[in-house]
Amino acid sequence: MDEPPLPNLRKRLGRRFFSAPTADVARRLLGKYLLRKLDSGQWIGGKIVETEAYLHSNDSASHSYRGLTRRNAAMFSPPGVVYVYTIHAKHCMNFSTERGGVGAAVLIRALEPIWGIDEMQRKREKSDLRKLASGPAMLCQSLSIDLTHNAIDLETIDWLAIIAGKKISPTEIIATSRIGISRATELPLRFLISGSLFASRPAKKSL
DNA sequence: AAAAAGATGTGCT
DNA sequence: GCACATCTTTTTC
């Protein structure tokens with residue numbers, strides 16, 4: 001496979017990056033690289049092209065809306081802690097945001113596959129690059145993320161990393177309503193890179 | 001204890 | 001575009 005070299009794995013984003021307001025973190029995650037080290041030692045992953053923000057207040061679509069439960073506890077963890085939940089027998093991955101133990105997180109919805117594409121194809125049993133991580137549950141399947149990874153902390157584990165890439169200009173970012181929710185549908189808290197072929201659904205209008 | 005809902009994906013029409 | 005498989009958590013009785 002013709003893959004570009006891995007980004008510098010020592011330059012990871014952590015507590016500080018995820019401390020910002022959740023919608024800001026969701027925007028800033030676009031264009032960043034999400035990488036996961038397999039047991040074999042191989043790093044696989046790609047570029048984040050779609051995210052959604054779930055707020056700690058005034059957001060009836062957020063899992064944290066009705067307070068702390070065993071399921072959503074990771075949302076209330078320090079910034080940069082992984083929150084994995086199950087939906088329709090599949091998994092979705094988020095990162096906790098904001099300090100102070102508020103329940104907020106950013107859902108990673110889609111990835112442009114770059115590294116370990118053959119591994120992702122094997123895990124997904126699909127060859128089409130557009131079907132590897134163009135949705136939050138596909139993404140988790142591609143990277144072998146499941147409930148056992150809930151509540152891990154980016155600051156203290158070595159096999160998962162988010163690394164800065166080429167800067168995305170604000171004019172390249174499109175905001176839309178979030179996908180698959182029935183409440184708070186009016187909030188523009190889904191963000192994607194304009195024109196990306198790997199978003200879960202194409203963008204309709206530009207900002 | 002039971003039932004419904006859900007930040008989804010797939011396959012078929 | 002629509003139905004539905006599939007399973008965990010939450011809500012209700």
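All values below come from the heavy atoms of this structure, side chains included, with hydrogens, waters and symmetry mates left out.
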Problem - d(NZ, A:Lys126; C1', B:dG9) in whole Å - result: 9 Å
Problem - All stems with DNA chain B, defined as three or more consecutive Watson-Crick or G-U pairs under 3.5 Å - result: B:1-6 with C:7-12, B:8-12 with C:1-5
Exercise for the section: State plainly whether the residues A:Arg183 and A:Asp59 are in salt-bridge range, i.e. N to O under 4.0 Å. Expected result: no
Handout entry: Polar side chain donor-acceptor pair, A:Ser19 to A:Glu98, under 3.5 angstrom
Key = no
Practice task
Please step through salt bridge (charged side-chain N to carboxylate O under 4.0 Å, His left out) for the pair A:Glu52 and A:Arg178, ending with a clear verdict.
Solution key: CA-CA 7 Å; A:Glu52 281 178 358; A:Arg178 293 169 291 183; 5.5 Å; no
Fill in the blank from the handout: Here the distance between atom P of B:dG9 and atom CZ of A:Arg124, to the nearest Å, is 8 Å
Handout entry: Atom pair CD1/OG of A:Ile44 and A:Ser144 - distance to nearest 0.5 Å
Key = 6.0 Å
Practice task
Starting from P on B:dA7, measure out to CG on A:Asn150 and report it in whole angstrom.
Solution key: 16 Å
Problem - Pair A:Thr51-A:Arg109, side-chain donor/acceptor within less than 3.5 Å - result: no
Exercise for the section: Send over the distance from A:His56 NE2 to B:dA7 C1', rounded to a whole Å. Expected result: 18 Å
Exercise for the section: Would you please say whether a donor-acceptor pair under 3.5 Å links the side chains of A:Ser142 and A:Arg124? Expected result: no
Problem - Between P of B:dA7 and OH of A:Tyr83, the distance in whole Å - result: 9 Å
Problem - A:Glu186 CD - B:dA7 P separation (whole Å) - result: 15 Å
Exercise for the section: Would you indicate what A:Ala137 reaches in the nucleic acid, counting non-hydrogen atoms under 4.0 angstrom: base, sugar-phosphate, or nothing? Expected result: sugar-phosphate
Fill in the blank from the handout: From CD1 of A:Ile179 across to C1' of B:dG6 the rounded distance in Å is 15 Å
Exercise for the section: Enter the distance from A:Phe95:CZ to A:Leu13:CG here, rounded to the nearest 0.5 Å. Expected result: 10.0 Å
Exercise for the section: Would you please indicate yes or no on a ring centroid separation below 6.0 angstrom for A:His63 and A:Tyr54? Expected result: no
Practice task
Looking at every strand, decide which applies to A:Leu107 at a 4.0 Å heavy-atom threshold: base, sugar-phosphate, or nothing.
Solution key: base
Handout entry: Distance in angstrom units between A:Ile145 CD1 and B:dT8 C1', rounded
Key = 17 Å
Practice task
Mark up nucleotides 4-13 of chain C, 5' to 3', with B wherever a protein heavy atom is under 4.0 angstrom from a base atom, S wherever such an atom reaches only the sugar-phosphate, and - elsewhere.
Solution key: -BBBSSSS--
Practice task
Tell me what A:Met75 touches on the nucleic acid: a base, only sugar-phosphate, or nothing, going by heavy atoms under 4.0 Å.
Solution key: base
Practice task
Report yes or no: is the ring centroid of A:Tyr85 under 5.5 Å from the six-membered base ring centroid of B:dA7, with the two planes under 30 degrees?
Solution key: no
